[in-house]
Amino acid sequence: MEWRDTGILLGTRRHGETSLILDVFTPERGRHAGVLRGGTSRKMAPHLQPGGQLDLRWRARLEDHIGAFTVEPQRSRAAAAMGDRLALSGLNAVVALLRFCLPERVPHPALYLRSERLLDLLGQPDLWPLAYLRWELALLEDMGFALDLGQCAVTARTEGLVYVSPKSGRAVTAEGAGNWIHHLLPLPPVMLGQGEAEDSEIAQALDTTGYFMEHRLAPQMGDKPLPEARARLLDRIRARGQRTAP
Amino acid sequence: MREKNPIETLIDLMARLPGLGPRSARRAVLHLIRKRGALLAPLAEAMAQVAATARECLNCGNVSTGDVCPICADEARANGILCVVEDVADLWAMERAQVFRGRYHVLGGTLSALDGIGPDELRIPRLKDRLAAERVTEVILALNATIDGQTTAHYIADQLEGRVALSSLAQGVPIGGELDYLDDGTITAALNARKRF
């Protein structure tokens with residue numbers, strides 16, 4: 001068995017003294033693991049940081065074997081992220097969430113494309129939080145928990161949407177909310193692609209997507225807690241929002 | 001099953017050491033036996049002593065033979081500068097360079113979601129205690145230039161911000177490094193950290 005593809009490195013684990021097990025996300029084969037012999041060498045170390053883009057060749061005798069990779073680095077994203085706290089937290093959150101929810105060897109081409117584009121924006125701190133929010137919405141959709149924010153679940157109106165139902169994931173207007181108002185999640189305009197996309201608003205939107213990750217997605221993943229890296233990113237976005245608030 | 005003789009046991013144990021396999025362990029043991037007086041006996045004695053006395057320094061996490069390591073015990077090194085490193089091996093590397101004359105703080109790892117290492121597993125609370133107790137004025141974050149290393153550095157910086165001056169090691173072209181052979185990440189970091197010439 002053999003294939004060649006590009007991929008995003010999600011993480012590594014030591015395998016013996018000189019080898020690593022790479023965990024990569026590829027467009028055609030989804031999340032995939034394989035052994036990289038000599039992966040602990042000093043020459044390879046800079047290329048094997050999470051988020052790095054690699055050209056991968058995988059070989060195994062049988063399809064279900066773990067197999068061995070040979071890799072050619074394409075571009076590193078670590079240097080762009082390391083100097084900036086927000087970017088570094090973002091990179092950690094993306095990689096941790098992909099590891100958290102992606103099953104092995106199931107292709108997710110649309111999510112792959114979005115993840116690659118998101119990681120390429122790491123050096124642009126102004127765009128990054130909004131791009132990250134959109135990526136989380138896409139992640140939920142790809143995992144089967146898409147939010148339906150097009151019209152009110154109660155009144156079918158398409159304007160004045162200000163809440164999300166935690167039960168159905170559908171948008172709700174203020175008048176449609178009625179007595180349930182205290183049970184609903186906020187739907188800031190940024191989730192609808194409207195408004196200024198301030199950091200504080202993005203953080204509020206991420207609280208809403210976080211609810212669905214915690215209560216819908218995580219139970220499907222064996223009820224594991226959400227990665228701490230996501231919480232740290234949220235703290236950073238909130239802190240930046242407070243610093244820049246008038 | 002036949003019981004192993006002491007030489008076979010020694011070979012098995014040596015083969016577990018990093019960088020050694022069964023074949024190289026056999027060669028090493030044979031060499032030790034041939035140099036019994038000059039190597040084997042002193043080595044056995046040194047190992048027995050280390051086994052009996054080696055422990056973590058209660059102050060910094062360095063490995064030493066007493067409760068407090070020689071660096072922490074040396075008053076001349078209490079200059080108010082604390083260098084935070086990931087591991088004892090990193091402390092030894094810094095000491096080999098003979099440039100830094102302050103004290104160290106060994107974290108014992110880095111934050112890692114994959115390995116389940118959170119802030120509580122590292123020696124960060126002890127680091128905070130030391131700031132006041134040792135009148136620290138500057139903390140140098142000498143952590144590895146990896147995603148985990150820098151995530152940890154930023155986390156510590158968040159915790160200590162406003163209490164003490166913070167600095168970190170520069171990142172860029174190594175001594176003897178040729179640009180043609182450097183990875184793009186290192187070149188990016190070097191360019192970002194360029195200085196006036």
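On a predicted model such as this, the values are computed, not experimentally measured, just so you know. First the proteins, then the strands, lettered A, B, ... as listed; each starts at 1.
- Contact annotation for Arg236(A): only side-chain heavy atoms (C-beta onward) come within less than 4.5 Å of a heavy atom of chain B.
- When all heavy atoms of Leu17(B) and Glu17(A) are compared, the closest pair comes out as O-OE2, 3.7 Å.
- At most 12 non-hydrogen atoms from other residues, nucleotides or ligands lie less than 6.0 angstrom from CD1 of Ile7(B).
- Atom CD of Glu2(A) is surrounded by more than 12 heavy atoms from other residues, nucleotides or ligands within 6.0 Å.
- Residue Trp3(A) qualifies as enclosed at atom CH2: its count of foreign heavy atoms under 6.0 Å is above 12.
- Heavy-atom distances place no part of Leu191(B) under 4.5 Å from chain A, backbone and side chain included.
- Taking CG of Asn192(B) as the start and CG of Asp84(A) as the end, the distance is 10.5 Å to the nearest 0.5 Å.
- Note that the CG atom of Asn144(B) and the CD atom of Gln49(A) stand 9.5 Å from one another [nearest 0.5 Å].
- Considering only heavy atoms from C-beta on, Arg232(A) comes within 4.5 Å of Leu111(B) through its side chain.
- Annotation: Arg55(B), atom CZ; neighbour count of heavy atoms from other residues, nucleotides and ligands within 6.0 Å is above 12.
- Within 6.0 Å of CD in Glu8(B) there are more than 12 heavy atoms belonging to other residues, nucleotides or ligands.
- With salt bridges taken as basic N to acidic carboxylate O contacts below 4.0 Å, one links Arg85(A) and Glu161(B).
- Within the 4.5 angstrom heavy-atom criterion, atoms from both the backbone and the side chain of Pro50(A) approach chain B.
- Of the inter-residue distances, the one linking Ser168(B) atom OG with Met82(A) atom CE reads 11.5 Å to the nearest 0.5 angstrom.
- For His154(B), the ring-ring contact (aromatic ring centres under 6.0 Å, His included) test picks out no residue, with sequence neighbours left out.
- Other residues, nucleotides and ligands contribute at most 12 non-hydrogen atoms within 6.0 Å of the CZ atom of Arg36(B).
- For NZ of Lys43(A), the number of neighbouring non-hydrogen atoms (other residues, nucleotides, ligands) closer than 6.0 Å is 12 at most.
- In this structure, Ala189(B) and Ala79(A) approach most closely via the heavy-atom pair N-CB, 4.2 Å.
- Contact record, Leu91(A) with Ile147(B): CD2-CD1, 3.3 Å, taken as the closest heavy-atom pair.
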Checklist entry - Given Asp184(B) and Ser76(A), is the side chain to side chain donor-acceptor pair (under 3.5 Å) satisfied, shown in steps? => result CA-CA 7 Å; Asp184(B) 55 349; Ser76(A) 162; 4.6 Å; no
